[in-house]
Amino acid sequence: MKRYRHYTKDRAIVLSCFGSIVEQKRYVQLKKIVADEFKECEVFLAFSSRMVLKHLQNSGENFKNLAQVLADVDLLGFRFISVVSVNLFPTDEHEFTKRVVDGFKQFSLANINFSDAILTKTKDTNTFLKSLHRQVSKDECANLYIIHGTPKLDTLGIDSINYTLKFLEFLDERNFTCSLEGAFSYGDIKSQLKNKIKQKGFKNIQIVPMLLVSGSHYKKDMFEICLDLKSDFESSLFSSCDDSFNLLGLKSIQRILLNNTYESLAKMGLKF
C-alpha cells in the first residue's frame, strides 16, 4: 500500500489528560517521566478540557486535544501509537477518549492502542490505596477521602469509584469518604458524615483530596469543606512538602501509568 510507505517513524506515546488551568506543570512533569522511561518513543500531550485549552492558548502555550494530536502524530508517520489514559477512573473522560481512539483507528494506517485508566485493575487499586493510607494516616485522626464524583448513576466505570470508596472505608475505622459533587456529595451528606465521625470519637480530621492534580477544586472546594468541618472538629487539609497534594505526583500512581504504557505497547507486539 503506497500510503503506508510514509509511516517511517517507529513508536509514539500520547498522554491523554483532562488538563488544568492551575496545575498544568504536573502534566508537563509527567511527560518527562514517561519520556525518561521510554527513550525509544516520542511522547506527546493531549488535553480534553476546552476551557483549559483556551486558557493555555491565551497564555501563548500551544496544546491540542486528542484528535488533533493523533492527526499530527499520524502525519509525522509513526507506525505504533500508544494512547495512555491519564484518568483516575474509567468513567466519562476515559470513555470519551476511547471513542476518539476507536474513531481514529478507522482511517489511520498506524497501529494504535489505548491503555486502561489508572484505577481499573483490582490489584493496582488495592496496592495504591494501601500505600496512600499508610502515607497520610496519623494516630487519633480521622481521614476524609474526597473524590471529584460523577453526576449520573449510570456512568460507565462507576464501579471503580464505588469500589475505591468502599475499600478505603474497609481498610481502617479512621477512614471516611465522600465526593465533591454527584453521588454521596459532601453537601448532601455532611450532617450524617459529621455524626458518624463523632460517634467514633474522633476530634481531629484531615481531608485527603483524591484528585490527580491540585487544581481549582483543591484550592477552592477542599478548603471550603475544611472550613466547614472546623465548626465540629480540628480539621486540616493533607499536604505534602510543597504545601499541596496531588495523586499525579505520587510514585505509586506514576508506576501504574508506566505499567499501563508498557502493557499498551506490548499489545502491539513491541518489546523493551
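Numbering starts at 1 and runs along the sequence shown. For clarity, every value in this text was computed on a predicted model and none was experimentally measured. Just so it is clear, the values below take in all heavy atoms, side chains as well, and ignore hydrogens, waters and symmetry mates.
Atom-to-atom distance recorded for Asn175:CG and His133:NE2 is 5.0 Å, nearest 0.5 angstrom.
Asn87 places no side-chain N or O within donor-acceptor distance of the main-chain N or O of Phe89, the cut-off being under 3.5 Å. Ser59 contributes no side-chain N or O that, together with a main-chain N or O of Glu61, makes up a donor-acceptor pair within less than 3.5 Å. Under the 3.5 Å distance criterion, the side-chain polar atoms of Glu42 are left unmatched by any main-chain donor or acceptor of Arg11. Of the possible donor and acceptor atoms, none in the side chain of Lys9 sits under 3.5 Å from a partner among the backbone N and O of Gly77. In terms of modelled atom types and a separation under 3.5 Å, the side chain of Ser160 and the main chain of Gly157 share no donor-acceptor contact. Checking side-chain atoms of Ser131 against main-chain N and O of Thr127 turns up no donor-acceptor pair under 3.5 Å. Under a 3.5 Å cut-off, the side chain of Arg50 and the backbone N or O of Asn65 do not form any donor-acceptor pair. Counting only distance, with no hydrogens or angles, the side chain of Glu23 and the backbone of Ser20 share no donor-acceptor pair below 3.5 Å. Side-chain atoms of Ser82 never come within 3.5 Å of backbone atoms of Ser264 as a donor-acceptor pair (strictly under, hydrogens ignored). Between the side chain of Ser49 and the backbone N or O of Val52 there is at least one donor-acceptor pair closer than 3.5 Å.
Heavy-atom contacts from other residues, nucleotides or ligands closer than 6.0 Å to NZ of Lys166 number 12 or fewer. Heavy atoms of other residues, nucleotides or ligands lying less than 6.0 angstrom from NZ of Lys194 number more than 12. In this structure, Gln57 places its CD atom where only 12 or fewer heavy-atom neighbours from other residues, nucleotides or ligands lie under 6.0 Å away. Counting heavy-atom neighbours within 6.0 Å of Asp154 CG, excluding the residue itself, gives a total above 12. Summarising the local packing, NZ of Lys198 is surrounded by more than 12 heavy atoms from other residues, nucleotides or ligands at distances under 6.0 Å. Annotation for Lys200: atom NZ counts as buried by contact number, over 12 foreign heavy atoms lying within 6.0 Å.
No salt bridge links Lys271 with Glu40; every basic N to acidic carboxylate O contact stays at or beyond 4.0 Å. A salt bridge links Lys220 with Glu224: the closest approach of a Lys/Arg side-chain nitrogen to an acidic carboxylate oxygen falls below 4.0 angstrom.
By the 4.5 Å heavy-atom criterion applied to side chains, Tyr186 and Leu193 are counted as neighbours. Contact annotation: the side chain of Arg255 never approaches that of Phe128 to less than 4.5 Å [non-hydrogen atoms, C-beta and beyond]. Counting heavy atoms from C-beta outward, Arg79 and Asn111 have side chains that stay 4.5 Å or more apart.
Cluster annotation: Leu119 and Leu156 are assigned to distinct hydrophobic clusters (Ile/Leu/Val/Met/Phe/Trp/Tyr, side-chain heavy-atom contacts under 4.5 Å, transitive).
Closest non-hydrogen pair, Ile189 versus Phe184, comes out as CD1-O, 3.8 Å.
Taking the six-membered ring where the residue is Trp, the centroids of His148 and Phe18 are separated by 6.0 Å or more.
For Glu263, the salt bridge (Lys or Arg N to Asp or Glu O under 4.0 Å) criterion is met by Lys121, Lys267, not counting sequence neighbours.
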